[in-house]
2 protein chains.
Amino acid sequence: MQSKLNTEVNIRIAIFDDNEAIRNSLFQLLNYTPGLEVVAMFDNCVNATKKIDEYLPRVVLMDINMPDCSGIDAVKEIKSAFPTIDIIMFTVFEEENKIFEALQAGATGYLLKSTQPIKIIEAIQDIIAGGAPMTAAIARKVMQFFNNQIKQQHNKDVLTSREQDVLKSLIEGYSYKMIAAHLHISIETVRTYIKRIYDKMHVNSMTEAVAKAIKERWFN
Amino acid sequence: MQSKLNTEVNIRIAIFDDNEAIRNSLFQLLNYTPGLEVVAMFDNCVNATKKIDEYLPRVVLMDINMPDCSGIDAVKEIKSAFPTIDIIMFTVFEEENKIFEALQAGATGYLLKSTQPIKIIEAIQDIIAGGAPMTAAIARKVMQFFNNQIKQQHNKDVLTSREQDVLKSLIEGYSYKMIAAHLHISIETVRTYIKRIYDKMHVNSMTEAVAKAIKERWFN
DNA sequence: TTTTTTGTCCCCCTTTTATGGTATTGTAAC
DNA sequence: GTTACAATACCATAAAAGGGGGACAAAAAA
């Protein structure tokens, strides 16, 4: 068996889900699909890393809501111990914050349990091929994450070019003195700009200005 | 025609691409697909908004590299004038920064020109259905965007709970005095924590600490 | 052509931050 | 039962930032 080509080696899958019926139907679905092999199933994700270590799956299907432990924490654990394992979240609801938490925790895919069986198989093949499988609706939410970050970019427009230079320098962590040197202007000029910036941004300290500019992504 | 049901009304598509061959094959592909209708094609995106206004498409296929204008700027323009129009970027290469620029500009999908024709049709139907069509490789890059933001979260761990409180307050824009009041501790204690925070973060000003913490997403 | 904006600079004065110390408690680890 | 760390607090001094002005030339807008 060891001598077979890589392409003929089954994709090892581990399933974490507290619902036995779901575990079983996933097992049926996946294990009888050529090329896939369910090597382990668990009804909770306590000590997930240890469980993974024992069965070394290539792909993990992880429920979010399990008793005694959070699937998202499990993802963090697994990803930090086994960065190459791909994890697909598998859940009933598409709660916006759960999605982002899961993705930030290191999940690569996000499927709803209502997904057609054939799509689940495709998702696993997809993730092995370097894809990031997710339902259209979830992909859309991920996109909105990007879009939301450009809404009020008009704020930036009210700053003159020189004021923007100074604000950028503040974000870099430069002091007045450093900014003056960097922009080849007097420190008094820097002070003038900063006063105007605070005025326009409705803040009254470097920290506030920097926090606001970074959070609202005035620059990139 | 106007009296037909919505589901029977064709999806109006506009194409921006400087390559005539590509325009023509897209036209062939899409226009002869039931339910789709190419209502306009352009070899550049100068005055994109005006062009859109004339033909009012539901979906736009936009090349990134066109002479005389940037597809990404066109996306910004169109999106700000017609927020409900869905735009799919359609390009030869998958340059990482172009992808993010396009998505931040408001594109919802991102396809490579090497995509199979059938997938292009699916993508258009997908986007109408609220999806965000993109190739697996691109979806993966988008995922990496999230993942990249959790890499060095161990930094945060070295801060004690109280130090984290103070740092969070700094990010909120609070001054020493305000933090002291807010956390019910002496301003001297605040100063002590801040000194330790700077030490651990390897910075030496509020601005740097705040910028670093926000950029590296120590909190959320 | 006049007015407004932008970029540049200066002064005075107050408040806040930064740096470098020391010190006391309670708790957790060894 | 000592060592280590966390949380708390204080002092002194220097440096930086904030708030209030005013000024002037060049460019842009009205």
Side-chain angles (χ1 to χ4, degrees), chain A residues 47 152-216 218-219, chain B residues 47 49 73 77 80 152-216 218-219:
Chain A
N47 284 124
Q152 319 105 311
Q153 277 206 347
H154 59 273
N155 298 33
K156 167 177 152 188
D157 299 332
V158 306
L159 294 189
T160 71
S161 138
R162 220 49 175 149
E163 286 161 359
Q164 289 185 42
D165 291 341
V166 171
L167 181 52
K168 278 182 204 161
S169 304
L170 287 183
I171 293 172
E172 306 287 323
Y174 292 154
S175 66
Y176 287 23
K177 206 179 277 182
M178 292 161 82
I179 296 172
H182 181 236
L183 298 181
H184 309 292
I185 52 180
S186 145
I187 197 170
E188 288 298 328
T189 309
V190 175
R191 284 163 42 67
T192 303
Y193 290 146
I194 287 181
K195 280 185 270 193
R196 290 180 187 161
I197 290 170
Y198 289 178
D199 229 48
K200 291 180 177 177
M201 295 182 75
H202 307 294
V203 299
N204 41 35
S205 75
M206 276 172 68
T207 319
E208 281 181 280
V210 166
K212 193 164 186 171
I214 299 179
K215 281 180 188 163
E216 295 180 7
W218 288 27
F219 311 101
Chain B
N47 283 124
T49 308
D73 291 339
E77 257 189 63
S80 82
Q152 320 104 311
Q153 275 207 348
H154 60 273
N155 298 33
K156 165 176 153 191
D157 299 330
V158 306
L159 294 189
T160 70
S161 136
R162 222 48 176 149
E163 285 161 1
Q164 289 185 41
D165 291 343
V166 172
L167 181 52
K168 278 182 203 161
S169 304
L170 287 184
I171 293 171
E172 305 287 323
Y174 292 154
S175 68
Y176 287 21
K177 206 179 278 183
M178 292 161 82
I179 296 172
H182 181 237
L183 298 182
H184 309 294
I185 52 180
S186 145
I187 196 172
E188 289 299 328
T189 310
V190 175
R191 285 160 41 66
T192 303
Y193 291 145
I194 288 181
K195 280 185 273 190
R196 291 179 186 158
I197 291 170
Y198 290 178
D199 229 48
K200 292 179 177 177
M201 295 182 77
H202 306 292
V203 299
N204 41 35
S205 76
M206 275 172 67
T207 320
E208 282 181 280
V210 167
K212 193 164 186 172
I214 299 179
K215 282 180 188 162
E216 297 180 7
W218 289 26
F219 310 102

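In what follows, chains are A, B, ... by sequence order, proteins preceding strands, each numbered from 1. For the numbers below, each heavy atom of this structure counts, side chains included, while hydrogens, waters and symmetry mates do not.
To the nearest 0.5 Å, atoms CD1 (Ile187(B)) and OG (Ser175(B)) are separated by 7.0 Å. Within the model, atoms CD1 of Ile194(A) and CZ of Arg196(A) stand 12.0 Å from one another, a figure rounded to the nearest 0.5 Å. Rounded to the nearest 0.5 Å, atoms CD1 (Ile214(B)) and NZ (Lys212(A)) are 12.5 Å apart. Here the straight-line distance linking atom OG1 of Thr192(B) with atom CD1 of Ile197(B) works out to 10.5 Å at 0.5 Å rounding.
Distance, Ile197(A) CD1 to dT6(C) P: 13 Å, rounded to whole Å. Separating the NZ atom of Lys200(B) from the C1' atom of dA7(D) is a distance of 11 Å, rounded to the nearest angstrom. In this structure, Ile179(B) places its CD1 atom 13 Å from P of dT8(D), rounding to the nearest Å. Atom CG in Asp165(A) sits about 13 Å away from atom C1' in dT6(C), given to the nearest Å.
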What one-letter contact string describes nucleotides 8-18 of chain C from 5' to 3', where B marks a base within less than 4.0 Å of any protein heavy atom, S marks contact via sugar-phosphate atoms alone, and - marks no contact?
-> BBBBB---SSB

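Contact check on Asp165(A) versus Arg162(A) returns a salt bridge, with a Lys/Arg side-chain nitrogen under 4.0 Å from an Asp/Glu carboxylate oxygen.
The minimum heavy-atom distance linking Glu208(A) with Val203(A) is given by the pair CB-CB, 3.7 Å.
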